[in-house]
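Any value given below was found using the heavy atoms of this structure, including those in side chains, with hydrogens, waters and symmetry copies removed. In this text, all values refer to a predicted model and were calculated from it rather than measured experimentally.
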Amino acid sequence: MTSRDELRLLPWSGPDGKPCFLSTDDDSSHLSRLADTVETTYLDHAADVLHHAIALLVLPEPDPVELRAASADLTEALGQVLRVAESRGRRLP
């Protein structure tokens, strides 16, 4: 049996909201590559959201509706980035 420390935390949750894990010795397997792609997408999206939020915050009077939307986007992106960081941290030697 594979220990929890050897499992890769995937960047998505299951249908019940619980974490999904991958057990494989092959970092180039289809599911490993898919997880890598999703992680990269999440990180790129977070950078885009951050740049947009910064642009809003430098405005003298940013639109409250846009600020609220940016806050929601930032919250989602932060959750995704934290999941990626946890997953990658578990895989450090």
Side-chain angles (χ1 to χ4, degrees):
M1 178 177 241
T2 306
S3 77
R4 185 173 174 95
D5 292 338
E6 295 172 347
L7 299 174
R8 177 180 178 170
L9 176 64
L10 294 173
W12 54 81
S13 299
D16 55 0
K18 293 182 181 177
C20 291
F21 294 91
L22 174 63
S23 175
T24 183
D25 293 331
D26 183 4
D27 289 338
S28 63
S29 70
H30 175 71
L31 199 50
S32 292
R33 289 191 324 268
L34 176 62
D36 291 341
T37 300
V38 171
E39 286 182 356
T40 300
T41 301
Y42 284 169
L43 295 173
D44 291 344
H45 178 255
D48 291 342
V49 169
L50 178 60
H51 290 278
H52 178 68
I54 290 169
L56 282 175
L57 292 173
V58 299
L59 295 174
E61 292 187 35
D63 179 58
V65 173
E66 286 190 44
L67 283 175
R68 184 171 178 81
S71 295
D73 292 343
L74 285 166
T75 301
E76 179 183 13
L78 178 59
Q80 293 168 340
V81 168
L82 287 173
R83 170 77 60 113
V84 171
E86 181 182 354
S87 175
R88 291 183 178 185
R90 288 172 177 243
R91 291 181 277 150
L92 291 174

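The minimum heavy-atom distance between Ser13 and Arg83, with the atom names listed, is OG-NH2, 3.1 Å. The heavy-atom pair separating His45 from Ala77 by the smallest distance is ND1-CB, 4.4 Å. The heavy-atom pair separating Pro62 from Leu59 by the smallest distance is CD-O, 3.4 Å. In this structure, Glu39 and Ser87 approach most closely via the heavy-atom pair OE2-OG, 3.4 Å.
Taking CG of Asp48 as the start and CG of Leu43 as the end, the distance is 11.0 Å to the nearest 0.5 Å. Taking CG from Asp36 and OG1 from Thr41, the interatomic distance works out to 10.5 Å, rounded to the nearest 0.5 Å. For the atom pair CZ of Arg88 and CG of Leu9, the computed distance is 12.0 Å after rounding to the nearest 0.5 Å. Here CG of Leu31 is found 11.0 Å from OG of Ser23. Values are rounded to the nearest 0.5 Å.
At distances below 3.5 Å, not a single donor-acceptor pair connects side-chain atoms of Arg90 with backbone N or O atoms of Leu7.
A continuous path of hydrophobic side-chain contacts links Leu34 to Tyr42 [ILVMFWY only; heavy atoms under 4.5 Å]. The same ILVMFWY cluster, assembled from side-chain heavy atoms under 4.5 Å apart, contains both Leu10 and Val81. Placement of Val65 and Leu67 in two distinct hydrophobic clusters is found when ILVMFWY residues are connected by side-chain heavy-atom separations under 4.5 Å, directly or transitively.
Annotation: Asp44, atom CG; neighbour count of heavy atoms from other residues, nucleotides and ligands within 6.0 Å is above 12.
Side-chain contact between Asp73 and His52: absent, with no pair of heavy atoms (C-beta onward) separated by less than 4.5 Å. Residues Glu86 and Leu82 are not in side-chain contact: their nearest non-hydrogen atoms beyond the backbone lie 4.5 Å or more apart.
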Take Leu22 and Ser32 through the test side chain to side chain contact (heavy atoms under 4.5 Å, CB included) and record every step on the way to the result.
CA-CA 8 Å; Leu22 174 63; Ser32 292; 3.4 Å; yes
